[in-house]
Trainee: 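Quick one: this structure, given as structure tokens, is what I'll be asking you about.
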Amino acid sequence: MAIELPVLKPSDFASDQDVRWCPGCGDYSILAQMKKVLPTLGVPREKMVFVSGIGCSSRFPYYVNTYGLHSIHGRAPAIATGLKCARPDLMVWVVTGDGDGLSIGGNHLMHCIRRNLDINIVMFNNRIYGLTKGQYSPTSPLGKVTKSTPMGAIDNPLHPLSIAIGCEATFVARSIDTNIKHLEMTLKRAAEHRGTSFVEVYQNCNVFNDGAFEYATDKASKADTVIELEHGKPLVFGKNREKGIRLHGMNPEIVEIGKGVNEDDLLFHDEKADEPSLAYLLSRMRYPEFPEPIGVFRAVDRPRYDEEMVSQIAKERQTRGDADLDKLFNSGETWTVT
Amino acid sequence: MAIELPVLKPSDFASDQDVRWCPGCGDYSILAQMKKVLPTLGVPREKMVFVSGIGCSSRFPYYVNTYGLHSIHGRAPAIATGLKCARPDLMVWVVTGDGDGLSIGGNHLMHCIRRNLDINIVMFNNRIYGLTKGQYSPTSPLGKVTKSTPMGAIDNPLHPLSIAIGCEATFVARSIDTNIKHLEMTLKRAAEHRGTSFVEVYQNCNVFNDGAFEYATDKASKADTVIELEHGKPLVFGKNREKGIRLHGMNPEIVEIGKGVNEDDLLFHDEKADEPSLAYLLSRMRYPEFPEPIGVFRAVDRPRYDEEMVSQIAKERQTRGDADLDKLFNSGETWTVT
Amino acid sequence: MATSTEGISKNKQVIKLEGATVRFAGDSGDGMQLAGTQLTNTSALAGNDVATFPDFPAEIRAPRGTLAGVSGFQIHFASSEIFTPGDSLDALVAMNPAALKTNLSDLRAGGILIVDKDSFDKKGLEQAGYAKNPLDDGSLDSYQLFQVELTKNTRNAVESLGLGLKAADRCRNFYAMGLVFWLYGRSLEPTRRYVQTKFKGEVADANLRSLEAGRNYGETTDAFYSSFQVDRAELKAGKYRNIIGNQALAWGVVAAAKLSKCELFLGSYPITPASDILHYLSEFKHHGVKTFQAEDEIAAMTATIGAAFGGDMAITTSSGPGIALKGEAIGLGVMLELPMLVINVQRGGPSTGLPTKTEQSDLFQAVFGRNGECPMPVIAARSPSDCFNTAIEAWQIAVRYMTPVMLLSDGYIANGAEPWEIPTMSALPDIPVEHPGPRSEDDPPFMPYKRDERLARPWALPGTVGLTHRIGGLEKQDVTGNISYDPANHQHMVNTRAQKVNNVANDYPATQIEGADQGELLVISWGGTYGSCLTAVRRMQALGHSVSHIHLRYINPLPNDLHGIMQRFQHILVPELNMGQLLTLIRSKYVIDAKGFNKVQGRPFGVGELMDKIGEYFS
Amino acid sequence: MATSTEGISKNKQVIKLEGATVRFAGDSGDGMQLAGTQLTNTSALAGNDVATFPDFPAEIRAPRGTLAGVSGFQIHFASSEIFTPGDSLDALVAMNPAALKTNLSDLRAGGILIVDKDSFDKKGLEQAGYAKNPLDDGSLDSYQLFQVELTKNTRNAVESLGLGLKAADRCRNFYAMGLVFWLYGRSLEPTRRYVQTKFKGEVADANLRSLEAGRNYGETTDAFYSSFQVDRAELKAGKYRNIIGNQALAWGVVAAAKLSKCELFLGSYPITPASDILHYLSEFKHHGVKTFQAEDEIAAMTATIGAAFGGDMAITTSSGPGIALKGEAIGLGVMLELPMLVINVQRGGPSTGLPTKTEQSDLFQAVFGRNGECPMPVIAARSPSDCFNTAIEAWQIAVRYMTPVMLLSDGYIANGAEPWEIPTMSALPDIPVEHPGPRSEDDPPFMPYKRDERLARPWALPGTVGLTHRIGGLEKQDVTGNISYDPANHQHMVNTRAQKVNNVANDYPATQIEGADQGELLVISWGGTYGSCLTAVRRMQALGHSVSHIHLRYINPLPNDLHGIMQRFQHILVPELNMGQLLTLIRSKYVIDAKGFNKVQGRPFGVGELMDKIGEYFS
Ligand SMILES: Cc1ncc(C[n+]2csc(CCOP(=O)(O)OP(=O)(O)O)c2C)c(N)n1
Ligand SMILES: Cc1ncc(C[n+]2csc(CCOP(=O)(O)OP(=O)(O)O)c2C)c(N)n1
Ligand code: SF4
Ligand code: SF4
Ligand SMILES: [Mg+2]
Ligand SMILES: [Mg+2]
């Protein structure tokens, strides 16, 4: 059983293609962390496939020395679904953008997540259309001025994690391009989850939407604007871990620890909660009112479409016996002409 | 200002087309309640438009004597969006099914809801594809045996209200085809809401999925399996209103009223909560573990895309003044050849 | 076939016929499809050649008794080889006034008309929009009208079983069957067997009693003074069964998967009239078939692409509007050069059109309906049983040339049935599929777009050591498959993809000419109009006219020998159930003044109308 | 044009030219598009006729200095009327080695080659893949090579402003402009004005200083021993401006909306090279323009249908892959018979293809790319400025015939620029639009599919009393618009929709023939190849050959007079940037052995290659 795998390094996962993102783009960091994670997964390189749609982010597969499919806009989750059904033995990754995944591809994303195939989806959220040079995306905030919204966007933005949770996700997480340790850990957790993992990565597009996540990456402010979720631990944040989140009915509120509040009064994170209501509530915490949670919001075990498909086939093979086409053809009423 | 409207009756809203649903179909009741509600809205008949996709449910527009567009599968929310942008003066209804709205049309539904145009969406959820004669739908339960799932469905079902709430809905409600008073009230509330109203109606397809909602419609059981939400009121149910829902952390639990628990301990419904976490939690309560809530889950006031579009245009007209094309053509560098 | 004469009247005159065309028509709830299917099977078992044409109402179930709710099933059985379900009816069974109204025009003068007299009451007549009762007003004088109290008789037949009226009335179709079976000297035995396997208890009893009551009615009442006999046909020796088009397609793809040692993956979204393929294949889990009901057609198509990349025999099934949605993704399939089948069971268009009616109007979409220069092979089935071979052949092309292939069927083929000579799997030729093997670091790097002599690229499967590579929808460099924006490379790749598809024609068998290989008129058909065109041409040949027929199975590329054949005829006629789509291809490619004969009425061509058209060339 | 000779050298020889083709090429970050645009405007203001061709790198921004990151802008200015941006270059400015490598092959022998010597360092050469420095190895001997220390000189010019090196280097394009302006005797004034409105403070200063330094460099150094002068062209009298294709299209639809008194609604999803139309229109809120950036192309198309139902001038814009996605919904538009425009700015295909390159390969998709018999008018713009009129005309057709209209542009037209004679709104003819008025109970019922003499149905708007009606994608009964499954009605409706579209040709003006109206060879062009075909034909005519040219603005239906014209020529040649799509239409419709001249290399035809091809007919 124990196959001797050659020990691979991140550089073994670099393809021979020139990386063509803008200098300074957050995508570089995500690629770097991914290349760190891949060799640690115990999966041979040739068993991995990266599938993407169209967008700057979707160029990702070209840069990873695995199998790859750079498809058409928005369809990567559906392609991955077919691939995973055909080949449950493969580790399938989907790389998508906020436009690719939530605009044109929203429906496929939703259905891939609810089917819970064992696929890992990483959405690079830069809150803009990068590749087409700067139109607003479904995650751009209200009022955002872009090429297609000179007077500011008037569409309420979508929140990727709220949607994923709204459609029965079993693994939901968030990380940040520049938070490299956290990102690495998050990608690894996603890879290890059995079922569809959905990871939102805040990614800076320094050309068309520079600084969109400055509040969360700026050294000075990030301790107050970001809160790291840990399973079973209370929600604590602040430079000196002096602040926490407490639940008031169904509403989270920020409290200062010490002044009559201690850690036990805080909201404790439970990524394994049966129902996703807590994960949903956490997905609503947004800057500037709240620190934004990063980490794993939800990780539960549910049946996986690909495995169920395999097992239905196995079961039917067992109960109905040999699949003999000649027998099928000759079933029912037949007659012979002589 | 006060336009004298002729007083219309439900029958004035019947079109001249033969209604062609199967005898006994739940769609008849929804049509009947709709025809009761329409005359009460103070909107002239010719200012109403029904837009639908494809499916049994989507035949609805033919049977209502207003303007109507029976379009293509899944696209009604997008058509309605264009129509409402073009004509904010019209009252636009979308009628869709669980397949039309959540399968092929999931993305348009999601984006229509988040844009919060002043449109009313009614989804007839019969948990089956009726028109194409009985394949499972995104709301069919796991294990459901249908023409396309002879060994039972293996896709986790989607929950329409969870999704709607996941994508920033401002009005979310549920009712049941045979609960005619409640349905009428719900449709009226939806009509009156400013913004996108999303109403799920449990609808019996007596031909391909008979009895899917029997638990919720059966006289004997429905007091225990359905709970009616009322804003500001505690969640009470049971034949003698002897049971209630209490919150235990983030989890709802059923309690018996009296035995040390009184109504004040119960969860109170707040359809106007700023954040939709409560509505989300309620959308997770499902038979048989819980009574299923019906009524208005959420009704909040948020900016509407159509109105914002109008106001940006008005503002720009004011600031940039007369829209003179000749001036535009002659702007910038020009030269004259003589 | 010991039972084949059971039930033939001993008391009454028996008239021998070459063949007959019979239609059952009634409300969608009346079980007409079942009645038709039983007569089909029974006739086939009796040795006739058969062909059928079910005609459903539009998708929605209309209220009982209305015109919109009428459902029909036509069957043509004969003692000679036949290719169509027949033009005009020799006998029509009308279970209610609405059925009479919508079907009467197809009954030939002097034909047999059996009606359920009981249903011609005030309500029934009103619903059908009859001002007067047609049974009384002489308007049916030119037919042999038999007014049977079908409802009452059925109720009587099952009375003792104590069923409710509703349940009793549900046996009316069996009564009608019994009567028709008597009329054409058909055995009740196959239907008895059917009832015994499909129904239980008193329902089974009731159906059987009604069936016999119907038969006895024909035998004993005075109304019918004669019955008919259609002898066995001289069919090719072999073992036969009836097969429906969609069923044959489903079986064909399963067979193709086995022959190519691939696993079968179907990505599909339900749509009339293609859904049944999904239903059949969903039942084949024990054959290892994976069926994925996608969220929409785009997901169905792209999942198919994903499965093809993974190495499955990946197929997708849909109809016109769904294929329209797949266009962009099919283009990706063409760019990726992966084998897969796109199956279009055509229906009436444009837009939602006439979903339950047949048409051949998606040929343009198949050949041209994508952005850019995006050629793919297109192949069309010609009849229900032919779907089996077409599926296999389409997959052969797909893997031999590493390309998506479009397979065209239509609503008429999909729901029609005909006898099928049962093949033996071991006698079918294998479909060779190769995947490049693993490579080591020392081997030269793998080149995903290096081509073989047919211009096909290798089908390298994820999981293979040393073949990691990345493909996509951007233009690719020749050989390496890397992204390339080079002008000359783009031209080369466009040419190469086109040439590859053109190469497919090198494998075609010679085009069969029915009739002389030169002459006055050549009739060219494709797809589901095969049977009527062939029949019409044969009849005109029998009348001494210089007309020949070829049928094109291959739409793209067209056969290499087509031009030569056409040049040997004075005139070319291309009948199609569209406004001239194959015609456009032929005229543009060969600059030949072929003419179209076109019809879009939701139904197949009648042999008669084709003969009339052909006749114009000889008058 | 008082300033038009400012900057022309007083000290050096001035050579008069008929025209010149100049290309700026550099990294995407080097501001080449800006440089090109400035030279264009300045030349136009100087009275030249101009035509431009920007050539972007693929969508993604490649690392600085790489081949993939090279961006170019070509401009052709002349003292006579011109129609193309020129084939080969008279002068090339290469800001780095990569730019040299990718552009050199377009420079004619003896042409002027200006390079930034400073950029030819080790790194730059490596990134471009040069093993040796081409400036030293004699490989550029056949050109007039000018090695300018462009980076250093620019830094020097702005030194005193105290900008950082990065900011200083961002002025290199202005230095290059200054030099080229000197070379062609162009005024700096328009660019100065531009800098003053677009930049502020020291950046403005730096740009201006660089511009002047470049000019002075040309004037004073010995390197350049002569400069050139291109006189004013004899253009039609009038007031002109430069206009880019997408801009003209945007302005055209706004004008069409005003002329028809409709509000403009755009439903769109961004895609190269169509996105700019969305951007332009988003800026036009004060014109009442509603722009809706949809979640995808299907939503864009269906929102367009919704807006059309509501009474807006509804349009959608996209490119090939997006149009493929819209196919099903366009079919609904055809069935609903509502007016709307579908604008396809074509790019290289198939699939994602070559997104930033031009091609004409979506003609098949435009004409045939839908399920069922689904005809719609197709009209194509021929040049950047022509987009304005084409948009207006497309809308005229849409409302006159109540139909979606497909308007084809392409990447070459979309991004190219040329002078446009500025029209006056009041001089443009109104586009009459009628909506049926309210009805009372006593009026006969409203018939939504009752047609006028052109076969157009009424455009009844929701909100109108007494006109409530329901339409959809199922086949409709003639006149009433109710659902109908009647066979004869379907045939009638298919015929009617086809006839209606054919009627559009009755409104076309006579096809203009450039040259004799009979002869040896007729060249037929459509879309963006207009300019090169016209130029090539004129030159061949000048050489005495019997060749004429017609340009087809109307692709579907084709003009009624086309057949007659073609019959008067021995040979027909159809050059297209695809593999023969218009050719297929022409051959099939007229059974005429027209030949194609085809190219898919992401670029327009060169006049030279067309002349060569035409020459084959006369050798
Ligand atoms: C069918 C189709 N529509 C539109 C496009 C154009 N397009 C390419 S990428 C993109 C959006 C990219 O945004 P996102 O997914 O956020 O990726 P990013 O570039 O920001 O990483 C669009 C609109 C396309 N390629 N195909
Ligand atoms: C593009 C396209 N795909 C598929 C279909 C076939 N189709 C029509 S309705 C339908 C599903 C209907 O289900 P639902 O929306 O739940 O409506 P119901 O009939 O149950 O009311 C399908 C698959 C179609 N008409 N068009
Ligand atoms: S445009 Fe933005 S997202 Fe795209 S590569 Fe550049 S910085 Fe990154
Ligand atoms: S199939 Fe079901 S949903 Fe459709 S009309 Fe019949 S009962 Fe209603
Ligand atoms: Mg993005
Ligand atoms: Mg349904």
Side-chain angles (χ1 to χ4, degrees), chain C residues 57-58 68 298 319-325 327-328 331-332 334-335 348-357 359 361-362 364-365 367-374 472-475 483 485 487-488 490-491 494 497-498 578-579 583-589 591-593 599-603, chain D residues 57-58 68 298 319-325 327-328 331-332 334-335 348-357 359 361-362 364-365 367-374 472-475 483 485 487-488 490-491 494 497-498 578-579 583-589 591-593 599-603:
Chain C
I298 300 176
S319 189
I323 299 289
L325 287 168
E328 190 211 4
L332 176 64
V334 168
M335 206 65 157
S351 194
T352 312
L354 293 172
T356 58
K357 305 292 174 189
E359 210 162 280
S361 55
D362 291 347
F364 276 157
Q365 179 175 252
V367 178
F368 298 126
R370 292 166 294 280
N371 59 297
E373 288 290 340
C374 195
L474 286 163
E475 183 58 284
I483 299 175
Y485 301 106
H490 179 48
Q491 180 81 61
V494 167
R497 285 186 291 261
N578 61 41
M579 297 313 287
L583 183 70
T584 295
L585 295 194
I586 289 178
R587 287 168 60 100
S588 77
K589 178 153 185 192
V591 190
I592 201 161
D593 198 12
K599 168 169 150 174
V600 281
Q601 302 185 9
R603 325 172 169 203
Chain D
I298 301 177
S319 187
I323 299 291
L325 287 168
E328 189 210 7
L332 176 63
V334 168
M335 206 65 157
S351 194
T352 311
L354 294 173
T356 57
K357 305 291 175 190
E359 209 162 280
S361 56
D362 291 347
F364 276 158
Q365 178 175 252
V367 178
F368 297 127
R370 293 166 294 277
N371 61 297
E373 290 289 342
C374 196
L474 287 163
E475 183 58 285
I483 299 175
Y485 301 106
H490 179 46
Q491 180 80 63
V494 167
R497 284 186 291 261
N578 61 42
M579 298 312 288
L583 183 70
T584 296
L585 294 195
I586 288 178
R587 286 168 62 100
S588 75
K589 177 152 185 191
V591 190
I592 201 161
D593 197 10
K599 168 169 152 176
V600 281
Q601 302 186 10
R603 325 174 170 200

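Chain letters run A, B, ... following the sequence lines, proteins first, then strands; residues in each count from 1.
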Trainee: Is D:M335 close to chain C through its backbone or its side chain, or both, or neither, when contacts mean heavy atoms under 4.5 Å?
Mentor: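 Interface part for D:M335: side chain.
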
Trainee: Side chain from CB out, backbone as N, CA, C, O: work out which of these in D:R603 comes under 4.5 Å of a heavy atom of chain C, or both, or neither.
Mentor: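 Just its side chain gets close to chain C.
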
Trainee: How far does OG of C:S588 sit from CD1 of D:I592, to the nearest 0.5 angstrom?
Mentor: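 Those atoms lie 13.5 Å apart.
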
Trainee: Using heavy-atom distances under 4.5 Å, tell me whether D:I483 contacts chain C through its side chain, its backbone, both, or neither.
Mentor: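 Neither part.
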
Trainee: Just give me the residue among D:A498, D:A324, D:P487, D:G602 that pairs up with chain C most often, heavy atom to heavy atom, under 4.5 Å.
Mentor: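 Most heavy-atom pairs under 4.5 Å with chain C: D:P487.
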
Trainee: Pick from C:I586, C:I323, C:L325: which one has the most heavy-atom pairs with chain D under 4.5 Å?
Mentor: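 Top count of heavy-atom pairs under 4.5 Å with chain D: C:L325.
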
Trainee: Looking at chain C, which one of D:T584, D:L354, D:N578, D:L332 has the largest number of heavy-atom pairs inside 4.5 Å, strictly under?
Mentor: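 Greatest number of close heavy-atom pairs with chain C: D:L354.
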
Trainee: What distance separates D:E359 CD from C:H490 NE2, expressed to the nearest 0.5 Å?
Mentor: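 That separation rounds to 3.5 Å.
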
Trainee: So which heavy atom on D:S351 is nearest to which on C:G331, and how close?
Mentor: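 Smallest interatomic distance, heavy atoms only, reads CB-O, 3.6 Å.
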
Trainee: Based on non-hydrogen pairs under 4.5 Å, which of D:G369, D:G349, D:G348, D:G473 is most in contact with chain C?
Mentor: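 Result: the option with the highest number of such pairs is D:G473.
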
Trainee: Please answer whether the main-chain N or O of D:K589 pairs with a side-chain N or O of C:R587 as donor and acceptor at a distance below 3.5 Å.
Mentor: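 Such a contact is found between C:R587 side chain and D:K589 backbone.
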
Trainee: For D:V494, is it the side chain, the backbone, both or neither that has a heavy atom under 4.5 Å from a heavy atom of chain C?
Mentor: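 Contact with chain C involves the side chain of D:V494 alone.
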
Trainee: Parallel, tilted or perpendicular: which one describes the rings of C:F364 and D:F368, with boundaries at 30° and 60°?
Mentor: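 Tilted.
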
Trainee: Just so I know, are the side chains of D:P350 and C:R497 near enough to count as touching, which here means a heavy-atom distance under 4.5 Å?
Mentor: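 In contact.
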
Trainee: As an exercise, state the distance from CD1 of C:I298 to CD of D:E328, rounded to the nearest 0.5 Å.
Mentor: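 If I round to the nearest 0.5 Å, the distance is 9.0 Å.
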
Trainee: Between D:Q491 and chain C, with a heavy-atom cut-off of 4.5 Å, which part of the residue counts as in contact: side chain, backbone, both or neither?
Mentor: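 Both parts, backbone and side chain.
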
Trainee: Does any N or O in the side chain of C:Q365 come within less than 3.5 Å of the main-chain N or O of D:N371, such that one atom is a donor and the other an acceptor?
Mentor: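 The answer is yes, because a donor-acceptor pair under 3.5 Å joins these two groups.
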
